[in-house]
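A single structure is presented below for examination.
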Amino acid sequence: VKELSYNSRSHQYCYRSSEPWSGLLSLSERRKWNPQLLEVPPQTQFDYTVTDLAGGPKPHSPYDSQYSRTTLKGGMLAGQLTKVGMQQMFALGERLRKNYVEDVPFLSPTFNPQEVFVRSTNMHRNLESTRCLLAGLFQRQKEGPVVIHTVQADSEVLYPNYQSCQNLRTRVRGRKEAATSQPQISEDLKEVKEGMGLDSSIEVDFFILLDNMAAEQAHSLSSCPTLQRFAQVVEQRAVDTALYVLQREDRESLQMAVGPFLHILESSLLTSVDPATPPSERRKLYLYATHDVTLIPLLMTLGIFDHKWPPFAVDLTVELYQHQQSKEWFVQLYYNGEEQVPRGCPDRLCPLDQFLNAMSAYTLSPEKYHALCSQAQAVGSEE
């Protein structure tokens, strides 16, 4: 690494936001979610503006509208970022500050919009998670306006878009139903539901159970004894279900899940290494706020999924380097702070062309993405 210098122009960064709860109301009613959990720690306060990618007004968020219709026992609305989540994201920002401001003088110590591009999914908790991370990274100091870019829900590619991509939705729906009938998954789910006293007719899957369990653990709330006893089983079966739904052998499903996002990452890397790129279009840091359902297929395509559900405030980092003598470009990956060797790479320091070649099996341009997503419509019309 001493032979290499940080590229002064680009650094890719992707992370999962912290989320307090996203499960069934019937499960959340087992304990109170007090609005005091929403108190904002002073150190995380950081003013920001949300726009679309063209700089226009913030789009409507159908997900936030949906969450606002669910009030949990205790008074909180569903899907909000809590004080615990804010502190987690602030701590992640401080870790990044140590890595890229203090230990290596790569980023300016204050936020500079000419250095940093920020994009998030259009959910309030994810925007707030981004605020807290930036507050930790730049210690609430800025040289210009903090703008977080987002898009409307039907155009979002920072998560698998089952609403807009019919082909993906059709494949996933069938596999999710089939997954619940797999012997080990169905037997364990039945045992957990019986232990919790849930009627067999209540539709609960391991994703919902894991969401509730993880939120309770993060907030040090006493969980259902059955969930405590089956904690490892719940996480493992949630992972098993996700892997059954997004099968590694089905390249097209993974392409539709994260192919457009990989295309964005690829474009940012190529823009950074292109000497013809105008300085006004260069950024040192590209920050993308995503979700656990994004990271799992993304880690699968990179060949570094560890078969563990991504925790709150976890990060995936792609660093871009240039060799001082040969001028050759390299990338280095980190997941949750640990070095990774992605698929198709000989070592942890991977030549950029080899990395992009390995990603190309799953990368989709917008045109190819829309064409692949619409294939199900053509099949459906023939039927």
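Residue numbers run from 1 in the order of the sequence given. Fair warning: this is a prediction, and the values are worked out from it, not measured in the lab.
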Report summary line: Which of H60, Q152, K58 passes side chain to side chain donor-acceptor pair (under 3.5 Å) with N122? Answer is K58
Report task. Report yes or no: do Y362 and E252 form a side-chain donor-acceptor pair below 3.5 Å? Result -> no
Query raised in the report: Is there a donor-acceptor pair under 3.5 Å between the side chain of D347 and the backbone N or O of L349?
Result: no
**Report entry** Trace of the side chain to side chain contact (heavy atoms under 4.5 Å, CB included) decision for T70 with L77
**Finding:** CA-CA 6 Å; T70 301; L77 296 178; over 6 Å; no
Query raised in the report: Is any NZ, NE, NH1 or NH2 atom of the basic residue among D205 and R237 found under 4.0 Å from an Asp or Glu carboxylate oxygen of the other?
Result: no
Requested in this report: Kindly state whether the ring of F117 and the ring of H149 have centres lying under 6.0 angstrom apart.
Outcome: yes
Query raised in the report: Does the side chain of S374 reach to within under 4.5 Å of the side chain of Q166, using non-hydrogen atoms?
Result: no
Requested in this report: For Q236 and D240, test the side chains for any donor-to-acceptor distance below 3.5 angstrom and give the result as yes or no.
Outcome: yes
Query raised in the report: Between T82 and H219, is any side-chain donor less than 3.5 angstrom from a side-chain acceptor?
Result: yes
Report summary line: With D103 as partner, the option from K98, R95, R97 fulfilling salt bridge (Lys or Arg N to Asp or Glu O under 4.0 Å) is K98
Requested in this report: Indicate whether the side chain of E328 and that of Q322 have a donor and an acceptor atom separated by less than 3.5 Å.
Outcome: no
Query - Spatial distance of atom CZ (F230) from atom SG (C224) [nearest 0.5 Å] - result: 10.0 Å
Report task. Would you confirm whether the ring centroid of W309 sits within less than 6.0 angstrom of the ring centroid of F206? Result -> no
Requested in this report: Can you measure from CG (L356) to SG (C350) and round to the nearest 0.5 angstrom?
Outcome: 8.5 Å
Requested in this report: Could you walk me through whether T363 and E266 pass the side-chain hydrogen bond (donor to acceptor under 3.5 Å, both in side chains) test, one step at a time?
Outcome: CA-CA 8 Å; T363 303; E266 177 187 59; 4.9 Å; no
Query raised in the report: Less than 4.5 Å apart, any side-chain heavy atom of L316 and any of I304?
Result: yes
Query raised in the report: What distance do T301 atom OG1 and L299 atom CG have between them, rounded to the nearest 0.5 Å?
Result: 7.5 Å
**Report entry** Check ion pair R125-D64 (N to O, under 4.0 angstrom)
**Finding:** no
Query raised in the report: What residue pairs, at least two apart or across chains, pass salt bridge (charged side-chain N to carboxylate O under 4.0 Å, His left out) with a residue in residues 138-157?
Result: R119-E156
Query raised in the report: Is the ring centre of F305 less than 6.0 Å from the ring centre of H307?
Result: yes
Query raised in the report: Will you find, in the side chains of Y369 and E367, an N or O donor that is under 3.5 Å from an N or O acceptor?
Result: no
Report task. Measure centre to centre between the rings of F261 and Y288, then say whether the value is under 6.0 Å. Result -> yes
